[in-house]
Number of protein chains: 2
Amino acid sequence: MPAHDPTDVWRRPERSAVGPKPEHSRNGIATAALRIADQEGLAAVSIRRVAATVGAGAASLYRYVKSHDELVELMMDAVAGEYQFEVVGEHPRGRLLNLAQQGRSIMHRHPWLAPLLLTRPSMGPNSLRFLDSALAALAPVDLPGPAKLQIVAMMSAITSAFVQNELSSLPPAGPDEGSPARPGQHLVEALQAGEYPHLAAAMAGHSAAGNVDEQFTSAITNYLAGAGIPA
Amino acid sequence: MPAHDPTDVWRRPERSAVGPKPEHSRNGIATAALRIADQEGLAAVSIRRVAATVGAGAASLYRYVKSHDELVELMMDAVAGEYQFEVVGEHPRGRLLNLAQQGRSIMHRHPWLAPLLLTRPSMGPNSLRFLDSALAALAPVDLPGPAKLQIVAMMSAITSAFVQNELSSLPPAGPDEGSPARPGQHLVEALQAGEYPHLAAAMAGHSAAGNVDEQFTSAITNYLAGAGIPA
DNA sequence: CTTGATTGCGAACGGTGATCGCAATTCCAG
DNA sequence: CTGGAATTGCGATCACCGTTCGCAATCAAG
């Protein structure tokens with residue numbers, strides 16, 4: 001009785017030959033779930049809620065999806081469909097950077113995505129298409145296959161982590177609550193107490209910032225350069 | 001009515017002046033939770049379960065911790081206490097690498113940690129001590145404070161992501177179930193179907209591998225070098 | 001002592017993911 | 001055209017979750 005693997009969704013035909021035709025579809029369900037997550041966060045995406053939104057009974061959803069995890073898998077692959085894979089005929093680094101930038105804006109559109117990508121692998125067709133495209137960009141590079149996979153994985157992780165940082169420094173979604181001091185009340189006290197002197201110094205430095213887009217671009221570029229990917 | 005901030009645990013005194021002396025302690029509770037998580041995964045850490053383990057009623061735990069999230073915060077800071085911060089008087093890159101390697105082995109000891117670190121910030125005293133230590137290593141580097149923070153955050157993210165990759169390619173914890181083909185049954189079919197040619201090629205390449213430790217070291221080193229941290 | 005804050009906790013609330021059994025529907029074989 | 005088989009929708013239900021409430025028991029201070 002093996003615990004269920006969420007990626008099995010992709011192995012199961014959406015609809016079998018006989019029986020009454022389904023009133024709903026994986027796509028419709030995923031879309032509804034997506035809308036809920038975009039507006040109220042991933043936590044609001046419950047089986048019952050999605051079912052109600054789509055106009056179905058709670059138990060009915062399990063005809064389309066074997067588990068809540070599978071629903072999430074559907075959602076992840078759905079947004080992965082927002083990538084555009086036209087080959088811009090550039091050098092490897094440029095093509096990968098392009099993919100990373102697309103990823104970043106997708107995660108901006110769907111704030112629930114970044115944590116998920118950091119946490120679990122997605123193996124849907126669109127996600128695989130992304131992977132394949134990234135590896136295609138690396139084709140001219142002379143590196144063993146697994147090393148290339150590592151590089152793509154790391155680039156994706158850096159992207160997600162960067163976006164996660166961005167998002168947690170911004171107004172949370174949903175009905176706004178009083179802003180309870182961003183850095184956390186507890187932190188400022190600890191800093192004033194004189195512990196963590198280097199931290200205090202680092203946070204005292206003026207933000208300088210510059211363009212966030214540039215910061216992202218250079219974070220990715222730095223990594224790729226270090227990994228030996230030619231410009 | 002602001003939603004509760006988990007980092008408030010650190011602002012609250014463990015025990016107030018009057019009243020009967022508590023039968024338990026934050027530390028004991030965190031330790032119990034930790035043991036459960038190490039053995040059965042984070043999902044097994046429920047309020048009821050921890051309470052029972054510690055020999056208390058479920059509702060009693062809320063005298064020590066305001067929410068489940070706070071419990072997790074406690075757990076994260078507890079394991080952050082496993083870092084060793086002796087200054088080895090090295091160059092910045094070496095010191096940061098040392099911290100990253102310690103982080104990696106901590107995450108190996110506590111497989112539930114990596115996803116959490118990627119997902120939410122931890123602000124407990126031990127976690128702050130880590131941050132401060134990393135920034136201390138960066139003291140000789142001439143960079144604006146926020147940039148240094150970025151670098152540390154990215155290094156930590158890369159570390160967590162790397163470990164996450166390692167862990168998902170290994171036998172899952174808990175009572176073993178039949179190994180249902182690591183890469184996912186669905187994947188091999190898609191690959192054989194000829195879609196995703198580059199992916200297929202990359203996975204066909206012999207693993208070469210080499211030492212995983214070396215892979216990690218060079219991943220971190222690459223990033224730091226790209227970010228301009230001197231050896 | 002008395003007083004008042006604080007602890008432990010049984011019971012309960014509202015929510016969750018998931019399963020089961022059954023009526024209704026639809027397709028295919030004959 | 002008809003009868004059987006497979007499949008869908010789903011109400012009811014289970015086990016569990018985080019969390020709150022109210023109250024008896026406990027302890028420190030005045």
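Protein chains get the first letters and strands the later ones, always in sequence-line order, with residue 1 at the start of each.
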- Query: For A:H24 and C:dT25, what is the distance between atoms NE2 and C1' respectively, to the nearest whole Å?
  - Reply: 14 Å
- Query: Can you list the residues that meet the salt bridge (charged side-chain N to carboxylate O under 4.0 Å, His left out) rule with B:E23, with sequence neighbours excluded?
  - Reply: none
- Per nearest nucleotide of DNA chain C, the residue lying toward the 5' end, B:E23 or A:S67, is B:E23
- Per-nt protein contacts along nucleotides 25-30 of chain D (heavy atom under 4.0 Å; B base, S backbone sugar-phosphate only, - none) come out as -BS---
- Task: Check whether the side chains of A:E73 and A:W10 place a donor and an acceptor atom closer than 3.5 Å, and report yes or no.
- Result: yes
- Query: In whole Å, what is the span from the CD atom of A:E73 to the P atom of C:dG17?
  - Reply: 17 Å
- Under a 4.5 Å cut-off applied to non-hydrogen side-chain atoms, are A:L117 and A:M107 in contact? yes
- Distance, rounded to the nearest Å, where B:E14 contributes CD and C:dT7 contributes P: 10 Å
- Message: Quick one: does any side-chain atom of B:T159 pair with a main-chain N or O of B:M155 as donor and acceptor, under 3.5 Å?
- Response: yes
- Those residues that, when tested against A:Y62, pass ring-ring contact (aromatic ring centres under 6.0 Å, His included) (two or more places apart): none
- Whole angstrom value for the distance that separates C1' of D:dA15 from CD1 of B:I47: 18 Å
- Would you mind listing every side-chain hydrogen bond (donor to acceptor under 3.5 Å, both in side chains) that reaches into residues 41-61 of chain A, with sequence neighbours excluded? A:E40-A:R49
- Message: Under the rule for salt bridge (charged side-chain N to carboxylate O under 4.0 Å, His left out), what residues qualify as partners of A:R63, not counting sequence neighbours?
- Response: none
- What residues 54-64 of chain B contributes to the DNA chain C interface at heavy-atom separation below 4.0 Å is B:A56, B:G57, B:A59, B:S60, B:R63, B:Y64
- Does a side-chain heavy-atom distance below 4.5 Å link B:Y64 with B:L71? no
- Task: Classify the side chain of A:R48 and the base of C:dG15 as holding, or not holding, a donor-acceptor pair under 3.5 Å.
- Result: no
- Message: Whole angstroms only, please: what is the NE2-C1' distance between A:H4 and C:dA18?
- Response: 13 Å
- Starting at NE2 of B:H68 and ending at P of C:dT16, how long is that distance when rounded to a whole Å? 17 Å
- Task: Figure out the CZ/C1' separation between B:R49 and D:dG18, and round it to whole Å.
- Result: 17 Å
- More than 12 heavy atoms from other groups under 6.0 Å of CZ on A:R12: yes
